Student: 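Dumping the structure here so I can ask a few things about it.
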Amino acid sequence: MRLAVIGCGYVGLVTGSCLAEAGHEVIATDNDVARITTLNAGRLPIHEPGLEGVVSSARDAKRLRFTSDCAEAVRFADAIFICVGTPPLESGGADLSAIDNVARQIAAAACSPKLVIEKSTVPAQTGEQLRRVLAVYGRHGHLFRVASNPEFLREGTAVADFFHPDRIVVGIDQAEAEGQLREIYAPILQGRFRCPVHQPACPPAPPPTFLVTTIASAELIKHASNSFLGLKISFANVIADLCERLGGNVEEVTRAMGMDPRIGPQFLNAGLGFGGFCLPKDIQAFLHLAERNGVDFGLLREAERVNTRRIDQFLEKVRRELWVVKDKQIGVLGLAFKPNTDDIRFAPAIEVVRRLLIEGAVVRASDPVAIERARAILSGVNFLADPYSVAREADALLLLTEWQEYKDLDWKRIHSEMARPLVLDGRNMLSPAGMAALGFEYHSFGRPDLQVAAAHKS
């Protein structure tokens with residue numbers, strides 16, 4: 001099928017390139033001419049493991065091309081995925097101006113009936129407005145079918161998530177739209193694709209569920225899913241706070257909780273809290289939607305408050321150990337909001353660094369892939385590629401993103417490099433007992449501190 005993807009940001013680029021790799025003809029378009037130029041030069045504007053190979057393969061097969069001409073993409077396609085951004089407004093609601101703009105462009109350019117698919121994360125009832133705009137601005141009397149197809153891609157594993165989803169949700173109100181979406185996703189549902197992730201063959205797994213709902217339900221599903229994940233993370237963080245007061249170990253508690261199949265182990269990791277562009281934004285939008293419709297969602301509001309408070313609590317740990325932060329040499333390992341991505345939007349690490357700078361700390365920082373993005377928004381930080389250089393003569397070392405590279409460091413060498421072997425682990429990455437055995441003062445969230453034992457060993 002001939003497809004257009006409007007918006008070559010994270011979601012659009014992954015969606016378009018993976019659909020092309022699955023066998024469809026795809027034109028991807030964006031109003032950012034510089035981004036299109038970058039893509040046509042064979043470079044990616046984002047870091048996502050495995051995506052470069054997918055884009056290259058699809059382009060070589062002549063199934064994927066990029067253009068800044070939205071009208072060209074609209075005229076080419078049978079179905080159009082809208083993948084533009086919906087950033088948060090000051091009110092907490094989603095800014096839908098890009099959706100509105102794209103809808104008017106589609107309506108003006110279409111010369112034949114089109115299926116228009118919401119892929120962007122949008123509040124419920126957006127589909128109704130989208131259909132109205134398409135009808136009002138349409139110039140040729142063509143009918144538009146509207147569907148919702150929320151994405152559940154995780155940064156760092158998005159390519160695998162696309163080809164091996166647990167469910168494909170489609171919100172429709174016409175049988176023709178369902179049929180087209182089944183055709184689009186047939187290669188995924190039937191396993192008829194060359195997997196770019198698993199070679200030589202994919203591990204055994206059941207096929208994904210193709211879940212057909214109303215458009216309103218599909219729009220709600222994405223916000224509800226992300227909000228519930230935020231609830232789980234904040235719940236684990238409150239348990240961590242309780243463990244610190246009572247001498248428990250949050251990892252022991254959450255491990256036992258996660259063994260219950262009604263709860264599950266995922267998203268019960270205590271630490272610095274969640275960030276990125278999805279969970280914080282989607283929770284705010286969901287809260288705004290509930291309030292606007294007279295629904296009290298205080299439970300979600302509290303989860304948001306708990307998450308915001310994590311940075312305050314972490315900095316309190318830093319101040320407690322350093323006494324005076326001003327002029328202290330502080331090393332930071334990790335700037336992205338999670339590993340395997342260069343995305344620093346709403347990253348807790350960035351806010352921690354900002355506050356340390358305000359308090360007069362001398363900050364050195366590293367990240368495997370996010371340094372350039374961080375450099376663009378943080379001044380006064382000495383960015384270093386080498387984590388050992390970050391630790392050299394540091395009064396404290398902060399672990400803020402759970403990169404495997406940092407877990408695998410030679411921590412005995414780190415100890416010898418530091419002015420004071422003090423590590424504050426915002427992601428509970430390392431073993432307290434192991435760090436104590438190496439002689440570190442080590443602090444994390446919700447786990448017993450063992451620096452006293454370390455002092456005895458030394």
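Bear in mind that the values here come from a model prediction, so they are computed numbers and not experimental data. One is the number of the first residue; the rest follow in order along the sequence.
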Student: Between the side chain of R364 and the main-chain N/O of N382, is any donor-acceptor distance below 3.5 Å?
Tutor: no
Student: Is the W411 ring parallel, tilted or perpendicular to the F440 ring (thresholds 30°, 60°)?
Tutor: perpendicular
Student: Quick test of your reading of the model: are E359 and R355 salt-bridged, counting only N-O distances below 4.0 Å?
Tutor: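 Here E359 does not pair with R355 in a salt bridge, since their nearest N and O are not under 4.0 Å apart.
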Student: How close do P387 and L333 get, counting heavy atoms only, and between which atoms?
Tutor: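 Distance-wise, the nearest heavy atoms are CB-CD2, 3.7 Å.
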Student: To the nearest 0.5 Å, tell me how far M418 CE sits from L397 CG.
Tutor: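 If I round to the nearest 0.5 Å, the distance is 5.0 Å.
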Student: With a cut-off of under 6.0 Å to the ring centre and 45° to the axis, is R427 in cation-pi contact with Y406?
Tutor: no
Student: Classify the side-chain pair S57/E21 by whether it contains a donor and acceptor separated by less than 3.5 Å.
Tutor: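 Indeed, the side chains of S57 and E21 share at least one donor-acceptor pair under 3.5 Å.
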Student: Could you check whether the rings of H198 and H164 sit parallel, tilted or perpendicular, using 30° and 60° as the cut-offs?
Tutor: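 Ring orientation of H198 relative to H164: perpendicular.
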Student: Answer yes or no: is there a donor N or O on one side and an acceptor on the other, between the side chain of T38 and the main chain of R43, under 3.5 Å?
Tutor: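 Side chain of T38 to backbone of R43: no pair is present.
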Student: For the backbone of I330 and the side chain of D395, can you confirm whether one donor and one acceptor N or O come within less than 3.5 Å of each other?
Tutor: no
Student: Should we count CZ of F210 as having more than 12 external heavy atoms under 6.0 Å?
Tutor: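 Yes, the 6.0 Å shell around CZ holds more than 12 heavy atoms from other groups.
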Student: Just do the side-chain hydrogen bond (donor to acceptor under 3.5 Å, both in side chains) check on S97 and D95 with the steps written out, would you?
Tutor: CA-CA 6 Å; S97 58; D95 182 350; 2.8 Å; yes
Student: For L211 and T213: C-alpha separation, side-chain torsions, deciding distance, then whether side-chain contact (heavy atoms from CB on, under 4.5 Å) applies.
Tutor: CA-CA 6 Å; L211 181 61; T213 73; 3.9 Å; yes
Student: Between the main-chain N or O of D425 and the side-chain N or O of Y442, is there a donor-acceptor pair closer than 3.5 Å?
Tutor: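 Not at all, since once roles are kept as given, no pair shorter than 3.5 Å links the two residues.
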Student: Can we say E151 and K222 salt-bridge, meaning some charged N sits less than 4.0 Å from an Asp/Glu carboxylate O?
Tutor: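 Salt bridge present between E151 and K222.
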Student: Within a 6.0 Å radius of atom CZ on R255, are there more than 12 heavy atoms belonging to other residues, nucleotides or ligands?
Tutor: no
Student: For T86 and T121, indicate whether the former's side chain and the latter's backbone hold a donor-acceptor pair under 3.5 Å.
Tutor: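 At least one qualifying donor-acceptor pair exists.
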Student: Could you verify whether a donor N or O on one side chain and an acceptor N or O on the other, from S234 and K232, lie under 3.5 Å apart?
Tutor: no
Student: Does Y185 have more than 12 heavy atoms from other residues, nucleotides or ligands lying within 6.0 Å of its OH?
Tutor: yes
Student: Does H24 use its side chain to pair, donor to acceptor, with the backbone of I184 at less than 3.5 Å?
Tutor: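 Yes; at least one donor-acceptor contact below 3.5 Å.
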Student: Treating E48 as the side-chain partner and G156 as the backbone partner, does any N or O pair qualify as donor plus acceptor under 3.5 Å?
Tutor: yes
Student: Between R131 and D173, is there a side-chain N and carboxylate O pair less than 4.0 Å apart?
Tutor: yes
Student: Are any of the side-chain nitrogens in K338 or E155 under 4.0 Å away from the carboxylate oxygens of its partner?
Tutor: no
Student: Step by step, work out the side-chain contact (heavy atoms from CB on, under 4.5 Å) result for I188 and F193.
Tutor: CA-CA 7 Å; I188 308 302; F193 58 87; 4.1 Å; yes
Student: Is F152 atom CZ crowded by more than 12 heavy atoms from other residues, nucleotides or ligands, each under 6.0 Å away?
Tutor: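 Correct, the count exceeds 12.
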Student: Under 3.5 Å, is there a donor-acceptor pair between the side chain of E219 and the main chain of G127?
Tutor: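 Checking the backbone N and O of G127 against the side chain of E219, a donor-acceptor pair under 3.5 Å is found.
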Student: Checking side-chain contact (heavy atoms from CB on, under 4.5 Å) for the pair L398/F314: CA distance, chi angles, key distance, verdict?
Tutor: CA-CA 10 Å; L398 313 185; F314 185 74; 4.0 Å; yes
Student: Can E72 and R65 be counted as an ion pair, charged N to O under 4.0 angstrom?
Tutor: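 Yes.
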Student: Rounded at 0.5 Å granularity, tell me how far CG in L231 sits from CG in N307.
Tutor: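 L231 atom CG to N307 atom CG measures 11.0 Å (nearest 0.5 Å).
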Student: I need the L430 CG to E402 CD distance, nearest 0.5 Å.
Tutor: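 The CD atom of E402 is 11.5 Å from CG of L430, to the nearest 0.5 Å.
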Student: Kindly check if the number of other-residue, nucleotide or ligand heavy atoms within 6.0 Å of CD (Q266) is above 12?
Tutor: no
Student: Side chain of N428, backbone of F445: donor and acceptor closer than 3.5 Å?
Tutor: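 Yes; at least one donor-acceptor contact below 3.5 Å.
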Student: Examine distances only and state if a side-chain atom of S366 and a backbone atom of L384 form a donor-acceptor pair shorter than 3.5 Å.
Tutor: yes
Student: Show your working on side-chain contact (heavy atoms from CB on, under 4.5 Å) between T254 and N269 and close with a plain yes or no.
Tutor: CA-CA 8 Å; T254 56; N269 298 318; 5.8 Å; no
Student: Please walk me through it: do D343 and Y10 pass side-chain hydrogen bond (donor to acceptor under 3.5 Å, both in side chains)?
Tutor: CA-CA 10 Å; D343 195 344; Y10 182 84; over 6 Å; no
Student: Is R132 paired with E128 through a side-chain N to carboxylate O contact shorter than 4.0 Å?
Tutor: no
Student: Distance from D342 atom CG to D367 atom CG, nearest 0.5 Å?
Tutor: 8.5 Å
Student: Does N340 reach the side chain of T157, with side-chain heavy atoms less than 4.5 Å apart?
Tutor: no
